[in-house]
Every structure is written in C-alpha cells, then in structure tokens.
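Remarks on the structure that follows.
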Amino acid sequence: MNLIVSKDRIFTKDLNTSEKREWNPFHSKVAAGIKKGIIPELKEDFNVLYLGAAEGYTISFISDLITNGQVIGIDVSAYSMQKLVLLSEDRKNLIPILGDCNKPDEYLEIINEKVDYIIQDIAQKNQIEILKKNSDLFLKNNGYVLLSLKLSAISQKHNSIIDKELREFEKSFKIIKKRRLEPFEKKHILILGQKK
Amino acid sequence: MINKNKILELTKANIKKKLETTDQKIINMSLIIQKLPSNINELYEELRIITDQEYPSLDKYLTIKEYCEFYSSGTIKESKDIKKILDSDIGIKLSKSLKKITTDLSKNILDLIKTKENLEEEIDHLTKKNYINLYTLATPKIAYKMLEIAGSFERLARFPASTVQLLGSEKSFFKALKQNKKTPKYGVIYNHPLLVNLSNKNKAKMARSLAAKISLGVKVDLEGKDISKFLEDKIKLKISELK
C-alpha cells in the first residue's frame, strides 16, 4: 500500500513522482476517518466508483492508493468537472464523468464493468437511497462501501434520526465499522460496509 | 478496464453543452451583481477614512459615484452650492502623495461601478431576448432569483404554480409541515411591485394568481412565443376587482 500513517500526519506516495504528499483530514472525510481508526480496505488492483467527486481533492489521493486499478469520479456541477478534467490529464487511472448520481441510468452505458468499491460523499436528503441505487447497478457481490453521512442534510434534529438511517443502511449492507468525525467535521458519520 | 479517451471526450463535450446555455450565464451574472455592491461600499469606506480629513461634510450632498468622480478628476461640474460648502468646510489640506492615493482609489471604485452597470445591461438584454414572459411578469430582479433557486430554466418550467409561489421560502415551509403549523404564503414573489401596496389578506390572494400566471408564461417561453401583454392585462384586471 502507498498509505503512510505517522503519529500525527497522513501521507500517500504520489502516483507519478512517488514523492510524499500530505493528506489533510480537515479537508477530506476519508482522511478524517483514517485518523479516527477506519482504514479503507483499498487494494492496489481495485476499481473504485466515487460519487460526488467535486474538484478532486480526495479523489487524487484515492488514485494514488490504487496503482493498478481505475477510479471513476462522478459529479453534477459543470464548473467543478472542469477542474476534475484538468486533474485527470495528469493521472492515468482517473476517469471523470458528468452526471447526476440520483439518475444512474445517465451513465449506465458508459460504465460497462462492475466495481469493487464505492465511496460516496453527497449532501442530499436521500443519501442512502442514492447509494442503494448505484450499488445495485455497479457493485460486485461482497464489494465494499464507504459512506460519509451528513446528518444535518437529512434533518435539523440530527440526534434522533441516527438509528433510523442506520437501520435503512443495514437492510442491504453489513456494517464493519462506524465513527463520528467530530473534531474534523461536524455532524458527520463515516460508515464502512460490505454488500450482503 | 474502461477505455479512458472516449469517456474524456464525451465529458468535455457535455461540459461545453451545459456551460453554453443562456440560463447558466444569467445565473452566474446575477451572482456577481449581488456581490459587487458590498465590494464597492468597502472600498468607499476606506476612501472616506482619508478624504474625511479634508471635507468632512461632503458625502451628505453627493452619491458614491459623484463623490468618486470628484476625487478622481478634482473638479465639480454642476451646482455652485457645493462649492460654497467646500469653501466653508472645516478640514486640513491633504499632501500631494495622499492626493495621488485618493485619485487611484476612486478610479478603482469607478471601474467597479462601471462593470456593474455593464453587467446589468448585458443580463437585461439576455433575459429580454430569451425569456420575455418571465422578464415582464416577474420583473427582472425576482426573475433572476427564481432562476438561481431553481437551478436551470427547464427545471423552473416544470414546477407547478404553487411551487413558484413559494420559491425561496423552503426552510419555513418544511419546518411548518413537520410541526403541523400554517405554511407560508409567499417566497421571493413578496417583493413584487404589484403586491407591495395591497393589504395582507389581498396580498396572499394576488400572490397565488400572479404565481399561476408566471408559471404559465415560463412554459410558453420554452417555445419562444410572447404572451406577456395578455397575461399582464389579466392580472391588472384582477387587482382592480379586489379594490
């Protein structure tokens, strides 16, 4: 693995130059999860689907970790997709797609293979529903899922809805680990799961 | 493994298609126009820190644009009253180096004001050309806000009239639904010039019929026809019946 975790900082080896690059947990929820003890079980030959790639801070580190696989980044916004396209010209294994994660039929024809891993970072009311739609179509059996659940996007009374949302999640996935990301990100839960 | 080159070309084409639509241009321009006045006011206050030493009472008689024009050129064109005020004002004379700074700063503010005016002209022209019904029925400022909240023109055209009436009041609307209280009656439509002078009871009634006409007009805009006069007459007739 290209992941290096020292006492108080996280690094990855760069894909092209193989230099150390720092991964800031205050900017990325996956890095915050590593700080909190959730090691994403990414192997070098995995194919990854990233929903909500935005401008590509986190996805650049994911593409460092999977040297033999491919990572597909999807986002709705055309402006952030411009930056992602520029980033993908440097990185061989990064594929940008403009599409709405709520309507996976839009990019069903483009992705013709199933993936091993789905990472989702979308602030919407139906976050878990979006994950289910995409995992039914694109995820292999026993594939992994890493979901960052933004509670304040679902309801203002975020403490009372946690159990309900987790029950929804457990209908189609098995929870391996879950943590709150409190010092790094407010009102977020990161969940690592496996498809049943 | 997926072939990357094909997909890359496809996404590039899709991005271009999405950015070239006129409604996205209008939304971006209106976002810039909303932010510019605060920038202008901040710079103006910093200018006043220096210039208030010279003429402390000058800003009462001039607008921001006239004030900056005075300091960038150093002369006043019209009205002798201001010259009298300048002569009788208490203050010190500024040094040459400070005067140069004030001219530069006021020129910058004038540039910002000019860009704002140019943007307003351009956005006006674009909306009038493409969405004439929305422009005349909802008045420009409200039209831009509706577009901004809806995200795109097609999405706005698919909204029913009741959604158009409540655009902008989503927070209080969903809060009321959860607590089983009364839902709000209007969103951004509240500031419409036709509704301002009405009483509270009539305001809600008119907001409903105005929103119905706006959503009708938007749907016709998709075909490019102009029925704004017909709809406007109907609204005015309804208002005259209320009184």
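Lettering follows sequence order; numbering is per chain, from 1.
Contacts between B:N28 and chain A at a heavy-atom distance below 4.5 Å involve the side chain alone, from C-beta outward. Looking at B:I15, both its backbone and its side chain come within 4.5 Å of chain A, counting heavy atoms on both sides. Interface remark: A:L84 contributes no atoms to any contact with chain B (heavy atom separation under 4.5 Å). Both the backbone and the side chain of A:Q82 come within contact range of chain B, with heavy atoms under 4.5 Å apart. No part of A:D45 comes within reach of chain B, as not one of its non-hydrogen atoms sits under 4.5 angstrom from that chain. Interface remark: B:K6 contributes no atoms to any contact with chain A (heavy atom separation under 4.5 Å).
When ring centroids are compared, A:F138 and A:Y107 come within the 6.0 Å threshold. Aromatic pair B:Y135/B:Y131: ring centres not closer than 6.0 Å.
Ion pairing between a basic and an acidic side chain is recognised when a charged N comes within 4.0 Å of a carboxylate O; A:K13 and A:E19 show no such pairing. Ionic pairing of A:K164 and A:E170 is not present here: no N-O contact between side-chain nitrogen and carboxylate oxygen is shorter than 4.0 angstrom.
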| query | Would A:Y50 and A:I72 satisfy side-chain contact (heavy atoms from CB on, under 4.5 Å), going step by step from the backbone distance to the final call? | reply | CA-CA 6 Å; A:Y50 195 110; A:I72 304 162; over 6 Å; no
